[in-house]
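To find a chain, count down the sequence lines: A is the first, B the second, and so on, and within it residues start at 1. Basis for what follows: all heavy atoms, side chains included, without hydrogens, waters or symmetry-related copies.
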Amino acid sequence: MIVLTLPDGSTREVPAGTLARDVVGSIGARLLQASYAVAVNGEVLDLMTPLRASGAFVVITDKDPRALGVLRHSGAHILATAVRRLRPDAKIGFGPAIEDGFYYDFEVEKPFTPDDLAAFEAEMKKVIAEKYPFVREEVTLAQARERFVDDPLKLERLDDFEGSDEVISTYTDGPFIDLCRGPHVPDTSYLKHFKLLSIAGAYWRGDVKRQMLQRIYATAFLKKDDLDAHLHRIEESRKRDHRVLGKSLDLFQLFPVAPGAVFWTPKGTTLYNTLEAFVRERQQDAFKEIKTPLLYNKALWEQSGHWGKYRENMFLVLDNETGEHDMSLKPMNCPSHHLYFASHKHSYRDLPMRYVTFDVLHRNELSGALSGLTRVRQFAQDDCHVYLREDQIAAEVQFLMTFILGYYETFGLTARLKFATRPEQRIGSDELWDRAEGALRAALESTGREYEMKEGDGAFYGPKIDFDVTDSIGRAWQLGTIQLDYNAPERFDLTYTGDDNTAHRPVVIHRAVSGSFERFIAILIEHFAGAFPVWLSPEQVRVIPIASDYNEQSEALVQRMKALGIRATLDARNETLNYRIREGEVQKVPYMCVIGRREAEENTVALRIRGAGKKQDILPVDDFLARVTEEIRTRALVPAAPDASTPAETETAS
RNA sequence: GCCACAGUAGCUCAGUGGUAGAGCACCCGAUUCGUAAUCGGGCGGUCAUCGGUUCAAUCCCGAUCUGUGGCUCCA
């Protein structure tokens, strides 16, 4: 007999070998209907599993977040079942549940087409209707090899089990059998709300040197509403895609003759400069900005270690005199800063020394990796290197973290911290890494903030703290970073003079806040759906005279705003008021001032706030100017981004 | 770089083996308007580039470039 303890503390005593579903059924028939799996001592098991151990027993219903993972994994098998029926030649790879759904990888002679996708989805519905049970079997390695004799990818996977005592299990649903650890839902009919999303290429086992498989992405949910909401979310993020908004709001362009390099329009340049000015303002006291060369001899990269580890990502430049590609555009600012620090003597009293640089960087990214503003070949960072004594690390990390988090807060972005440790590809001794990781971790702990671990994800020269920022629709982006570096000081022979009048080795911290301006702007565009707070808006106020009689007053108002530093424009075109209002809304101008007879006579403005519709405030010009000036000065998050359901969002921007 | 898909006017897109069309934008004219598209007229394209098949190619085929979804990588 075994004893199962339910969440309410009650216990059930059943013979060993009783099926999980019978235990669930004995608790309640309705409960059995609503259950997807069970968990015994935290391990998720099929309902068909014979129970052999006593312990905590939890029924996994749709209230349990683990139910969705089980369902999606079963969905992957159902997908493979359908694909195998229509394309018997397809060899199966892996098919896991992922964050938003599931995928399955296939090796096929002829790649799948979008038409295939529709056919597979239809076939899946048949498999679901047939209500095949998922049957688990435990087999020996030899038996498994027998069963998957026609599936080379599975055979390769089975090789990993050689000499291991791990249990090998297979799952069968109707005609399809897969090598799988499980667990699964009881039968195929459990999958009700799903959608196949896309076809993509994926290397077998993620290895560039291996063959390309065809991956089918799909999503599935327990409830129809959840699926609909998810599909709606996909649609929403498509609408706020920075590449789409960048075009309709006229912020930037990309030309085929300059792949991966951004052409900023006047409005985009204003946005960019406003951001940069903000960073400069925040850094004016404790940091020293320097401008440094873009092109360097390879000697610098040999010293920094980039020539060996990073050269394939660098744009090499031909030196006509030597006939060699022994010059390179800089892919990062670090060596420039080290060069400068090393060029003169420093006292321990002057540390920490913080250099910042906004120079243009070039990285030769794979052509297929380029995407809008988020992945480019030419970009700029708000890059900072801090040179400090080892005893200053904790205080400096706290200082930088406060700086970075305060910056994000201005935009209404929240950040999660990740601590990343030594990667496989690295320079420096293990002793040095032990010291660096220990010091950075201690500094991080001293802030009292929560953080996650990212083992093996550090920079090749040191461990780091990454700042993952969550935007307004819940997507995470890695932006800022604090990286501790004991290697560069050695390589560049950096020193400072201590109070004992001898040379000491400083430590270097690499810090970026925005990541890159390009990518940060992409995130801001999507975060605000193009409706920037007034301080960031390229155009802050648009003045619209109702008729040409009021052009003069309107022009005077614009001039007055410009004198106050407000980015104001006049729209006195010979178009209807409705037309011009609509255009201002589509362009997401935060404030529109309508000037007619009443306003001209009373020296007021009829203020239309972006996204607020017909509702308008009539207020004295002076009050309006004071309000806008104050909002800009405080970088207030106003006016709020309009709800995505406003007409401006559903109509095509002109 | 690899796999798949795409490229038609400034933008969004339709279309055909017999050298192209809409809406918006832009220009001109009328209209002087009270909060999301006034009306009329006009301008505008080597159908991404190069090559092939064909009597004939924007359309079929191939290569190249660029973009998109992924893989890999990463700010």
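- Comparing Asp457(A) and Lys615(A) by the nucleotide of RNA chain B that holds the closest heavy atom to each, the one mapping nearer the 5' end is Lys615(A).
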Report all side-chain donor-acceptor pairs from residues 452-461 of chain A shorter than 3.5 Å, counting only partners two or more places apart or in another chain.
unit_1    : atom_1 : unit_2    : atom_2 : d
Glu455(A) : OE1    : Thr421(A) : OG1    : 3.0
Tyr461(A) : OH     : Gln483(A) : OE1    : 2.4

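- For Gln587(A) against rA36(B), no side-chain N or O and base N or O form a donor-acceptor pair under 3.5 Å.
- Taking the six-membered ring where the residue is Trp, the centroids of Tyr272(A) and Phe252(A) are separated by 6.0 Å or more.
- Closest to the Lys247(A) side chain, of the nucleotides rA75(B), rU12(B), rG69(B), is rU12(B).
- Using a 4.0 Å cut-off between charged nitrogen and carboxylate oxygen, Arg238(A) and Glu235(A) count as a salt-bridge pair.
- Mapped onto RNA chain B by nearest heavy atom, Ser516(A) and Gly206(A) fall at different nucleotides, with Gly206(A) at the one closer to the 5' end.
- Classified by interplanar angle (parallel below 30°, tilted 30° to 60°, perpendicular above 60°), the ring pair Phe517(A)/Phe358(A) is tilted.
- When distances are taken from the side chain of Lys614(A) to each of rG69(B), rU35(B), rC71(B), the shortest belongs to rU35(B).
- Candidate nucleotides rU68(B), rC33(B), rU32(B) were compared by shortest atom distance to the side chain of Thr576(A), and rC33(B) ranks first.
- Of the side-chain N and O atoms in Tyr579(A), none sit less than 4.0 angstrom from OP1 or OP2 of rU32(B).
- Side-chain N/O atoms of Arg610(A) include none lying less than 4.0 angstrom from OP1 or OP2 on rA36(B).
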Original post:
How would RNA chain B look in dot-bracket form, 5' to 3', counting Watson-Crick and G-U wobble pairs with both distances under 3.5 Å and writing | for bases paired to another strand?
Top reply: (((((((..((((....[..)))).(((((.......))))).....(((((..]....))))))))))))....
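- With distances taken from any side-chain atom of Asn578(A) to the nucleotides rU35(B), rU72(B), rC26(B), the minimum falls on rU35(B).
- Contact of Arg375(A) with rC73(B) (side chain to base): a donor-acceptor pair of N or O atoms is detected under 3.5 Å.
- Not a single donor-acceptor pair, N or O on each side, falls under 3.5 Å between the base of rA37(B) and the side chain of Arg580(A).
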Table of protein N/O atoms under 3.5 Å from nucleotides 46-49 of chain B N/O atoms:
none

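- Using a 5.5 Å limit on the distance between ring centres and a 30° limit on the angle between planes, the aromatic ring of Phe379(A) counts as stacked on the six-membered base ring of rA75(B).
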